[in-house]
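Just dropping this structure here.
Atoms considered below: every heavy atom in the structure, side chains included; atoms not considered: hydrogens, waters and symmetry mates. Chain naming here is simple, since letters A, B, ... match the order of the sequence lines and numbering starts at 1 in each.
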Amino acid sequence: MKNLQKLHKENFFERVYTITKKIPHGKVTTYGAIAKSIGSANASRMVGWALNNTSFNETYIPAHRVVNRIGMLTGKHHFRHETLMQELLESEGVKVTNDKIVDFKNLFWDPSKELI
DNA sequence: CGTCTGACGCACG
DNA sequence: GCGTGCGCCAGAC
């Protein structure tokens, strides 16, 4: 059914937002992990694209807790200020060096554990 | 309707 | 171990 497909598309954004908002304080996750948890393991690029739209979303979404698979802050240029992403992370106790999260492996939060 | 783009990820050399 | 290239899906033009 067409409506169902349309609903699915809408849920793509919804799920990305929902998962992102569930990221625990002081934890981080990856675009790929989010994509996988919403059923589209290869749609990691879409996750970043969806997060870019969070700027226009009134709801607060901690997009700064989402980085790429190696823990690098590749999306910092999309924040109001390039340093904002790092500042937000560090304010939560996440150390960042050279745009890279320190001890990323230990701070990684797996979205699939949340049973969306 | 073809083509390009993107806050990624992976295979390959 | 690093650089390059390609696939991925959805939207813009």
Side-chain angles (χ1 to χ4, degrees):
Chain A
M1 296 168 66
K2 290 182 179 180
N3 288 337
L4 206 60
Q5 294 179 342
K6 183 178 181 181
L7 188 64
H8 181 70
K9 288 181 179 179
E10 292 176 351
N11 279 344
F12 187 89
F13 288 82
E14 289 292 330
R15 294 184 193 209
V16 172
Y17 299 157
T18 300
I19 294 173
T20 306
K21 284 188 286 189
K22 283 185 176 179
I23 301 175
H25 185 274
K27 289 282 186 175
V28 295
T29 191
T30 69
Y31 303 102
I34 294 175
K36 187 177 180 180
S37 65
I38 65 177
S40 301
N42 300 324
S44 51
R45 308 188 77 170
M46 297 303 96
V47 176
W49 171 75
L51 287 178
N52 189 29
N53 275 303
T54 60
S55 304
F56 308 100
N57 193 318
E58 295 182 358
T59 306
Y60 173 71
I61 297 178
H64 59 278
R65 296 185 190 139
V66 184
V67 295
N68 69 357
R69 67 184 180 98
I70 62 174
M72 198 139 70
L73 279 57
T74 51
K76 69 171 190 173
H77 292 296
H78 296 268
F79 284 78
R80 293 193 299 274
H81 308 291
E82 291 191 9
T83 57
L84 181 60
M85 187 175 188
Q86 179 172 343
E87 290 173 3
L88 289 171
L89 286 171
E90 291 183 335
S91 69
E92 297 181 354
V94 179
K95 295 180 179 179
V96 178
T97 303
N98 294 329
D99 296 337
K100 202 168 56 181
I101 294 179
V102 179
D103 200 14
F104 169 68
K105 187 174 67 177
N106 205 21
L107 294 174
F108 177 72
W109 175 77
D110 188 359
S112 62
K113 291 172 61 181
E114 280 295 314
L115 298 178
I116 308 305

(Q) Using whole Å, what does the distance between atom P of nucleotide dA7(B) and atom CZ of Arg69(A) come to? (A) 17 Å
(Q) Checking the side chain of Thr29(A) only, and the main-chain atoms of Trp109(A) only, is there a donor and an acceptor separated by less than 3.5 Å? (A) yes
Q: Scan every strand shown for a Watson-Crick or G-U wobble partner of dA12(C), both distances under 3.5 Å, and answer none if you come up empty.
A: dT3(B)
Q: Take the protein atom CG of Asn68(A) and the nucleotide atom P of dC8(B), then report the distance between them rounded to whole Å.
A: 7 Å
Q: Using atom CZ of Phe13(A) as one end and atom C1' of dG11(C) as the other, report the distance to the nearest whole Å.
A: 8 Å
Q: Under a 3.5 Å limit for both distances, which nucleotide forms a Watson-Crick or G-U wobble pair with dG3(C), could you say?
A: dC12(B)
Q.
Counting only side-chain heavy atoms from C-beta out, which of dA10(C), dA7(B), dG9(B) sits nearest to Ser44(A)?
A. dG9(B)
Q) Ring centres of Phe13(A) and Trp49(A) under 6.0 Å apart? A) yes
Q: Decide salt bridge (Lys or Arg N to Asp or Glu O under 4.0 Å) for Lys95(A) and Asp103(A); before the verdict, give the C-alpha distance in whole Å, the side-chain angles of both, and the deciding distance to 0.1 Å.
A: CA-CA 8 Å; Lys95(A) 295 180 179 179; Asp103(A) 200 14; over 6 Å; no
Q) For the side chain of Arg45(A) and the base of dG11(C), is some donor closer than 3.5 Å to an acceptor across the two? A) no
Q. Ile19(A) CD1 to dA7(B) C1': how many Å, rounded?
A. 16 Å
Q) CD of Gln86(A) versus C1' of dA7(B): gap in Å, rounded? A) 16 Å
Q. For Leu88(A) and dA7(B), what is the distance between atoms CG and C1' respectively, to the nearest whole Å?
A. 15 Å
(Q) Using whole Å, what does the distance between atom P of nucleotide dC6(C) and atom CG of Asn42(A) come to? (A) 18 Å
Q. Of the nucleotides dC8(B), dG11(C), dA7(B), which one has an atom closest to the side chain of Thr54(A)?
A. dA7(B)
Q) Looking just at side-chain N and O atoms, do His81(A) and Glu87(A) make a donor-acceptor pair shorter than 3.5 Å? A) no
**Q.** Spacing of Leu51(A) atom CG relative to dC8(B) atom P, expressed in whole Å
**A.** 10 Å
